[in-house]
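The model shown is predicted, which means the values in this text are computed figures rather than measured ones.
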Amino acid sequence: MTDRTSPTKEVRKSCPTCGHGWLDKYGKNECPKCCSPLTGQAAASSNKRMAGEVSTFKAAASDACESASGTCAKGGAHTWKFGKCSKCGQGEGYGKAMADKSGVASRPPGGACTDGKMHIFKFTKCTKCGAKE
């Protein structure tokens, strides 16, 4: 028994735009690599993607993909870019898991290590100070 969505016959096709060749078993009029139409008026006039381009939906060069939240020590809200605040340099995820309901970061569980940060345990022993877990 055959299903209506199942592939029927494979046909060898090649794209005139990017030169990609494939076996088309779904009968689509579109290149799977560059998404350009293979036949018709749309094939002669427009290309969705140029050869070698990865995405059709691109961000503008001026869009720095920044976000803002919280309160920065340098004034205003933190402006997060590449995982840290561009004003004060604080990491975006730092202290969120340890913050209590008031929003103030608490001390690391098990106390602070000799360097004032969290212990790094390996085989139930801190690699920095030697404390047991």
Exercise. Among pairs that include at least one residue of residues 118-133, which meet salt bridge (Lys or Arg N to Asp or Glu O under 4.0 Å), considering only residues two or more places apart or in two chains?
Worked result: Asp115-Lys128
Exercise. Could you state the interatomic distance from NZ (Lys28) to SG (Cys35), rounded to the nearest 0.5 Å?
Worked result: 9.5 Å
For this session: Determine whether Pro32 and His20 make a side-chain contact, defined as any pair of heavy atoms from C-beta on separated by less than 4.5 Å.
Result: yes
Problem set entry | Residues in side-chain contact (heavy atoms from CB on, under 4.5 Å) contact with Lys84, at least two apart in sequence or another chain | none
Seminar exercise, completed: For Ser14, the side-chain hydrogen bond (donor to acceptor under 3.5 Å, both in side chains) test, sequence neighbours excluded, returns none
Problem set entry | Set of side-chain hydrogen bond (donor to acceptor under 3.5 Å, both in side chains) partners for Lys13, sequence neighbours left out | Asp24
Exercise. Under 3.5 Å, side chain of Lys87 to main-chain N/O of Ala77, donor-acceptor pair present?
Worked result: yes
For this session: Check side-chain contact (heavy atoms from CB on, under 4.5 Å) between Ala131 and all other residues, then give those that pass, not counting sequence neighbours.
Result: His119, Cys126, Cys129
Exercise. Which heavy-atom pair separates Cys31 from Trp22 by the least distance, and what is that distance?
Worked result: CA-CH2, 3.8 Å
For this session: Rounded to the nearest 0.5 Å, what's the gap from SG on Cys113 to CZ on Phe121? Could you check?
Result: 8.0 Å
Exercise. Do Cys18 and Ser36 have side chains that get closer than 4.5 Å, going by heavy atoms?
Worked result: no
Exercise. Heavy atoms, side chains only, cut-off 4.5 Å: are Glu92 and Ser67 in contact?
Worked result: yes
Problem set entry | CD on Glu66 to OG1 on Thr79, rounded to 0.5 Å | 5.5 Å
For this session: Measure across Cys15 and Leu38 and return the closest heavy-atom pair with its distance rounded to 0.1 Å.
Result: CA-CD2, 4.0 Å
Problem set entry | Taking every non-hydrogen atom, the tightest pair across His78 and Cys88 | CE1-SG, 3.6 Å
